[in-house]
Amino acid sequence: MNRILIVEDEDRISSFVAKGLKAEGFTPTVVSDGVTGLDYALTGEFDLMVLDIGLPGMDGFTILERVTAERPALPVIVLTARDSVTDTIAALEGGAADYMSKPFRFGELLARVRLRLRSPGEAPPDDELVVGPVRLDLRRRRAFVGEREVDLSARELALAEVLLRNRGLVLSREQLLSQVWGYDFDPGSNVVDVYVGYLRRKLGAELVTTVRGLGYRVD
Ligand code: CA
């Protein structure tokens, strides 16, 4: 359950998604035009499709219609520009597909991919993460240190979530950038260090360890 078809004509986005999925153990295949995309989708060789709407050859709505009719079991995650979200939702009505508006963070896409590929018997992911006195309530998007609630921005919470979920592992700046900020971010930026600083100030200096030359880790 790890073969993922990516139909997307923007190289920057398809390579960002493919690279991220590969790093998570999936086998991605990238196709950049609509006609080939539909052919591939109908082969039955894939477990999930990530589908762009604006494509050369055949648009994503047409592909989705054919796939829904001929391969109804194939889960589809549609990528759509923010200004056409309303059209996209209308097109998805009744189908098995999910959608994400661009730009998106890789972490969000990954969560949806995992959700779509999960077999019915598997447990849902934790909606609470606890490390020492720090507790993240992911369902309500709130953070606590002991009994005290701490006000985190959406980005701070996303960074804390990735670090806590991967507790014990060193995460590089690049990994954190792609999971929390997405492909729209300059890889040379020091934004990760800045935000780790915010988290230390708000959640406790000892929460995040700097691993020199490699990145950050939560123990
Ligand atoms: Ca496109």
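Atoms within each ligand, like the ligands themselves, are counted from 1 in listed order.
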Problem set entry | Pairwise distance CG(Leu117) to CZ(Arg3) - rounded to 0.5 angstrom |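 One finds 10.5 Å between CG of Leu117 and CZ of Arg3.
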
Problem set entry | Asp98 side chain to Ile77 backbone, donor-acceptor under 3.5 Å |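 Flag not set: sc Asp98 to bb Ile77 has no pair under 3.5 Å.
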
Problem set entry | Name of whichever N/O/S atom of Asp9 is nearest to the Ca ion (ligand 1) |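 Looking only at N, O and S atoms of Asp9, the one nearest the Ca ion (ligand 1) is named OD1.
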
Exercise. Relative to the Ca ion (ligand 1), which of the N, O or S atoms in Asp52 is the closest?
Worked result: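 Result: OD2.
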
Problem set entry | Any N, O or S atom of Ile53 closer than 3.0 Å to the Ca ion (ligand 1) |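 Checking the Ca ion (ligand 1) against Ile53, no N, O or S atom falls under 3.0 Å.
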
Exercise. Have Asp59 and Thr62 got a donor and an acceptor in their side chains that come within less than 3.5 Å?
Worked result: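 Looking only at side-chain atoms, Thr62 and Asp59 do form a donor-acceptor pair, the distance falling under 3.5 Å.
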
Exercise. Aromatic rings Phe106 and Phe16: how do their planes relate, parallel, tilted or perpendicular, breaks at 30° and 60°?
Worked result: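 Correct class here is perpendicular.
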
